[in-house]
Undergrad: 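Right, I'll just put the structure down here and ask away after.
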Amino acid sequence: MVNLTIDGKEVTVSKTATIYEAACEAGVHIPVLCYAKKLLPYGACRICLVEVEQMKGRLIPSCTTPVTEGMVVTTTSDEIVKVRKTVLEFLLVNHVVDCPVCDKGGECDLQDLSYEYEVVTNRFEGEKFDLPTDEVNPLIERNMNRCVLCGKCVRVCDEIVGYGSYSFINRGFETKIATAFDRGLNCEFCGQCVSMCPVGAILPRPFKFKARPWQLKEVDSVCGYCGNGCTITLGTKDKKVETIRFNDKTGVNDGNLCIRGRFGYSYVNSDERLTKPLIRKDGELVEASWDEALAAAVEGLKQAGSAAGVISGARLTNEELFLLKNLAAAIGTDNLDNSGGECYKGVTEGLQQTLGLQASTATFPQVENCDAVLSIRSDFYETHPVFGMVVNQAVRRNNAKLSVIADKRGKFTKLPNARTLLHKPGLEVNILNAMARVLLDEGLAKTERLNGVEELKGALADYAPETVAATTGVDAEAIKVAARELAAAENAAILLAYGLPYTAASKELGIAAANLALLTGIAGRPGSGLYLCGEKSNSQGAIDLGILPGAEGMGVQQMLTAATENQLKALYVVGEDMLSSYPDRDAVEQALSKVPFLVVQDIFMSPTAQKAHVVLPAASFAEKNGTVTNAERRLQQLRSAIPSPGEARTDFAILQGLLTGFGQDAAAAPADVFGQLCAATDQYRGIDLEMIGPQGYVWGGDILTPITRNLVPVAGTQPVDAEYQLLVGSSLYHSGTVSTHAKGPQAVVAEAYIEFGREDAKALNIQEGDLVKLRTDAGEIQAKAKVDRRLPQGVLFAPYHFGALKLNKLYRGQAAIPVQVG
Amino acid sequence: MTETAQQVQEEEIDLTAANEVIDKYQDMHGALMPVLQEIQEAYGYIPEETVHLTAERLNVYASQIYGVLTFYAQFHLEPRGKYIIRVCMGTACHVKGAGRIGDTIKEQLGVGHAETTEDLLFTAEYVACIGACGMAPVIMVNDATYGSITVQKTQEVVKKYQAMG
Ligand code: SF4
Ligand code: SF4
Ligand code: SF4
Ligand code: FES
Ligand code: FES
């Protein structure tokens with residue numbers, strides 16, 4: 001620690017702090033423009049100059065100067081004010097003063113500083129910038145006439161996002177921020193640059209002329225999309241969500257978001273929202289009152305009793321899931337499940353068998369300090385983009401060694417010094433096994449407290465790196481190095497994502513990853529962690545609360561089979577468009593057609609809802625109170641920001657209504673139910689809402705210690721022999737099927753596509769945008785082609801979000817689907 | 001990144017030379033400048049596709065390379081003429097009528113400052129003092145200097161190079 005004096009106040013701060021940071025701690029305000037907490041020190045704008053007694057004779061930039069013992073700092077003096085004013089005058093020479101029509105007006109640093117320093121005249125004169133506005137894309141507008149060249153956009157897109165859209169170009173007066181070849185912005189539209197820009201040079205287009213900042217009501221909540229669980233602040237006006245506000249004060253995401261969180265909110269305002277309950281009469285779905293609809297639902301489910309099934313999505317709040325579980329009990333059925341019923345088995349069975357846990361062992365921020373990271377299967381930049389940004393920081397700021405086991409290239413594989421173990425589809429387990437074998441062979445494994453070492457050794461006989469190299473197409477040396485790095489690292493992380501499009505070998509992958517985590521000591525070691533990240537905002541909550549088949553119960557797949565065989569009498573589906581997103585569309589279709597009574601609760605009239613006998617209109621995340629648990633076990637609070645459209649009700653209220661129908665009293669408010677669910681759930685016991693602060697609350701603490709340490713042998717697979725194989729997955733711009741109702745993501749990726757590598761496209765004579773067909777025995781799909789560089793030869797990719805593509809006609813949960821093109 | 005039609009078109013450029021340059025520097029740290037310089041030597045300018053290639057192979061952002069290319073005057077993003085005619089616009093030359101010399105070239109070849117003829121034979125460049133004020137006005141064609149130049153002499157010089165093709 002270092003002691004210093006700032007404006008007469010004594011402060012003690014860490015020795016790595018800058019003067020600016022010390023001043024913040026002391027509550028002394030120093031103006032900044034180019035400084036940002038989450039970016040590396042830069043020191044370009046000179047607005048933050050201060051005097052330091054020990055460094056007399058010049059003014060010192062406080063944002064880059066480290067504190068030293070005994071420093072005496074003065075932050076305001078006549079000279080300092082004069083210099084700051086000059087800095088502002090210079091900035092205002094070429095800056096067009098657009099304040100009356102600039103969306104940033106009211107929260108613009110330049111405007112505020114000019115006001116604070118009373119810059120009413122300008123001693124300098126010069127040409128005003130007259131650059132055309134970049135409004136090629138529908139989400140982000142760039143008006144470089146307002147730019148103050150602070151470089152924050154350039155830095156955030158590089159340091160955090162790892163995309164690198166911008167650079168300073170030209171020199172002198174001509175200097176400006178531009179994309180490569182000064183074209184319109186075309187990037188991943190995460191909006192980080194929008195949130196960093198201190199002026200109105202980079203703005204969210206959907207928010208243009210919607211509201212002045214001070215007219216907005218701000219509500220802190222949690223992104224409704226993925227298991228990353230980013231804190232977001234909704235900006236609402238007139239009962240509508242108009243924007244997502246930048247907020248780096250609460251939450252664990254430092255204000256970072258992805259396109260879905262930042263621009264994917266508009267579906268809540270959509271005209272297509274369901275607003276009234278519907279009941280099927282004479283084959284038609286017709287509007288009904290809530291009383292009628294609830295009574296019909298209760299009646300049908302009651303009659304079915306133990307032959308009813310309940311299937312949930314993983315975006316309900318914990319409170320809602322708890323009520324749902326109670327409802328299943330009230331119906332008298334054990335047939336309860338979520339999310340297609342397979343994809344989470346890596347956690348519920350894989351981790352359970354090995355570690356005795358059903359969750360990630362550590363928290364996201366710890367990854368920033370890792371020396372080695374192993375990412376398996378999905379590109380986190382696509383499935384959990386903001387966690388991807390954390391990994392990027394580990395790589396860039398901490399020189400972490402990143403190994404990526406992947407079937408296609410992606411942003412992870414492009415990070416500095418990333419080692420890509422590019423393998424033939426579906427062979428991840430083989431590679432993980434080979435890595436385990438390397439650890440054991442080379443005496444690197446920390447086997448002391450582990451069970452099953454000898455069995456595992458025996459089972460790995462066929463997984464010598466060289467053998468696995470031959471099967472998977474990955475270099476044997478790369479496998480060895482990746483294993484050694486993981487073993488050598490003081491802090492290391494293993495990452496695996498799961499979700500509806502990633503169901504194949506779920507359990508096996510979970511086990512193989514856990515084996516590695518045990519052999520390297522990563523599981524349970526402070527600073528290190530094994531992360532199994534769910535697809536949806538409350539995937540972890542669904543597991544914690546046990547939205548899973550009961551002792552005698554059926555899971556989703558069995559329920560579907562049972563329905564087809566006329567064994568299931570009723571099905572209640574909450575927040576899932578099974579037809580569009582579950583593997584094996586034909587099976588789902590048959591089951592839904594056969595089941596005598598189908599209740600669907602959703603916010604849109606999904607293809608699944610169209611088959612229902614009763615449709616219950618639900619609320620979006622922006623209309624709810626409750627808690628969700630993200631992929632690092634962090635509980636956070638959703639807060640209702642707007643009312644639901646029409647008569648739509650929260651899932652909570654609907655479930656209460658149904659429970660009442662079953663003669664049960666449900667507690668009146670989510671807060672009360674929270675108390676009940678904590679009492680009933682081991683992991684949550686002792687938590688109360690007060691404990692869920694701005695950073696949420698991580699159940700089990702930052703590090704979860706394994707309860708068992710069992711190595712479990714798990715077999716790999718053989719590569720599929722086919723000229724072309726189709727991978728199914730998640731696209732960065734979308735999440736589940738909900739985002740296809742949101743304007744932001746739709747503006748960038750409006751429809752399904754089939755992606756080809758360049759070589760294949762050339763060989764097949766396919767151009768970007770051509771209509772292409774893929775065929776298997778199960779059927780045929782057709783979509784526009786996209787040509788890119790990330791796919792290896794013979795491998796195609798299609799995103800699973802778009803129901804219209806009927807991709808799940810071909811996709812039945814395979815790791816890769818052999819297809820014929822054309 | 002989806003390839004735009006423009007990039008696809010650019011692909012007509014033979015990337016062998018650029019690849020060879022990058023091969024040499026692939027494992028060297030901070031190799032961007034020499035790579036760009038040698039690519040320019042090989043192609044006479046920096047074709048867009050070589051920027052994307054360099055970005056991909058050296059793992060730097062294309063935007064960053066573009067920043068470097070626009071910062072240093074030595075790099076050219078457009079094809080350049082076989083003959084670079086530099087018209088000195090320094091003070092001495094200006095006083096002695098450099099403006100007219102520039103106009104003459106424009107009339108004759110149809111190219112002004114930083115422009116290149118369609119046949120890629122000539123690029124005109126107006127430059128600051130080239131240190132031969134004693135012979136003002138001055139033009140240079142590649143490495144050859146022509147001093148005390150007149151409108152008529154300019155025309156002759158241009159014709160001479162046109163004849164050389
Ligand atoms: S939106 Fe994101 S990816 Fe695009 S330029 Fe801004 S920071 Fe970079
Ligand atoms: S556009 Fe905004 S963030 Fe980027 S340099 Fe200019 S003022 Fe800074
Ligand atoms: S979709 Fe996921 S990563 Fe993106 S903002 Fe929402 S929670 Fe964060
Ligand atoms: S804020 Fe310190 S130099 Fe810009
Ligand atoms: S001014 Fe032309 S050579 Fe000096």
Side-chain angles (χ1 to χ4, degrees), chain A residues 136 151 153-155 157-159 161-172 174-188 193 395-396 409-411 413-418 420 731-733 748-749 753 755-758 761-762 767-769 784-790, chain B residues 1-15 18-19 22 26-33 35-36 39-40 43 45-79 113-114 126 128:
Chain A
V136 173
C153 55
V154 180
R155 290 179 287 143
C157 193
D158 169 30
E159 286 176 34
V161 185
Y163 191 86
S165 279
Y166 304 124
S167 170
F168 284 90
I169 67 160
N170 305 329
R171 53 161 106 198
E174 306 282 323
T175 304
K176 63 169 187 171
I177 307 291
T179 61
F181 298 93
D182 208 358
R183 303 224 170 94
L185 183 65
N186 183 7
C187 61
E188 32 184 83
C193 53
V395 168
R396 271 162 216 264
R409 288 182 203 86
K411 236 171 92 183
T413 65
K414 279 199 231 162
L415 292 184
N417 307 318
T420 308
S731 139
L732 158 65
Y733 305 95
V748 185
V749 177
Y753 56 84
E755 187 177 326
F756 292 82
R758 295 222 290 180
K762 212 172 205 168
Q767 313 269 325
E768 174 102 16
K784 283 193 186 140
K786 185 173 156 192
V787 180
D788 216 322
R789 296 166 193 251
R790 57 178 200 150
Chain B
M1 193 196 318
T2 306
E3 280 138 291
T4 59
Q6 196 159 7
Q7 274 169 272
V8 175
Q9 216 175 27
E10 284 266 355
E11 245 173 81
E12 318 244 313
I13 288 196
D14 182 357
L15 290 173
N19 270 315
I22 302 170
Q26 180 90 66
D27 299 317
M28 235 163 93
H29 204 70
L32 187 57
M33 281 303 275
V35 163
L36 295 176
I39 287 178
Q40 175 148 301
Y43 294 86
Y45 74 110
I46 312 267
E48 177 165 343
E49 186 59 20
T50 68
V51 172
H52 295 298
L53 181 78
T54 310
E56 197 174 303
R57 291 199 51 197
L58 293 186
N59 205 4
V60 276
Y61 305 126
S63 63
Q64 230 170 329
I65 301 181
Y66 187 68
V68 170
L69 294 175
T70 54
F71 186 81
Y72 295 101
Q74 56 169 294
F75 292 116
H76 306 286
L77 286 155
E78 299 291 334
H113 172 57
Y126 303 167

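Below, all heavy atoms of this structure are taken into account, side chains as well, without hydrogens, waters or symmetry copies. Chain identifiers are assigned alphabetically (A, B, ...) following the order of the sequence lines, protein sequences preceding nucleic acid strands; residue numbering begins at 1 within each chain.
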Undergrad: Could you tell me the separation between the OG atom of B:S63 and the OH atom of A:Y163, rounded to the nearest 0.5 Å?
TA: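 Rounded to the nearest 0.5 Å, the OG-OH separation comes out at 9.5 Å.
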Undergrad: Please state whether the side chain, the backbone, both or neither of B:A73 comes within less than 4.5 Å of a heavy atom of chain A.
TA: backbone
Undergrad: Taking side chain as everything from C-beta outward and backbone as N, CA, C, O, which of these in A:F181 sits under 4.5 Å from a heavy atom of chain B? Side chain, backbone, both or neither.
TA: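 Contact with chain B: backbone and side chain both.
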Undergrad: Is there a donor-acceptor contact under 3.5 Å from the side chain of A:K414 to the main chain of A:G162?
TA: no
Undergrad: Calculate, to the nearest 0.5 Å, the distance between atoms CG and CG belonging to B:L53 and B:L15 respectively.
TA: 5.5 Å
Undergrad: What part of B:L77 lies closer than 4.5 angstrom to a heavy atom of chain A: side chain, backbone, both or neither?
TA: side chain
Undergrad: Decide whether B:E48 and B:H52 meet the rule of one side-chain donor and one side-chain acceptor closer than 3.5 Å.
TA: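 Yes, B:H52 and B:E48 have a side-chain donor paired with an acceptor closer than 3.5 Å.
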Undergrad: Measure distances from B:V51 to the heavy atoms of chain A and classify the residue's part below 4.5 Å as side chain, backbone, both or neither.
TA: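 Contact with chain A involves the side chain of B:V51 alone.
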Undergrad: Among the options B:Y61, B:Y72, B:F71, pick out the one with the most heavy-atom pairs lying under 4.5 Å from chain A.
TA: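 That would be B:Y61.
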Undergrad: What residue, out of A:C157, A:G164, A:G172, A:S165, has the most heavy-atom pairs lying under 4.5 Å from chain B?
TA: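 Between A:C157, A:G164, A:G172, A:S165, the count favours A:G164.
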Undergrad: Calculate, to the nearest 0.5 Å, the distance between atoms CD and CZ belonging to B:Q26 and B:R57 respectively.
TA: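 If I round to the nearest 0.5 Å, the distance is 4.5 Å.
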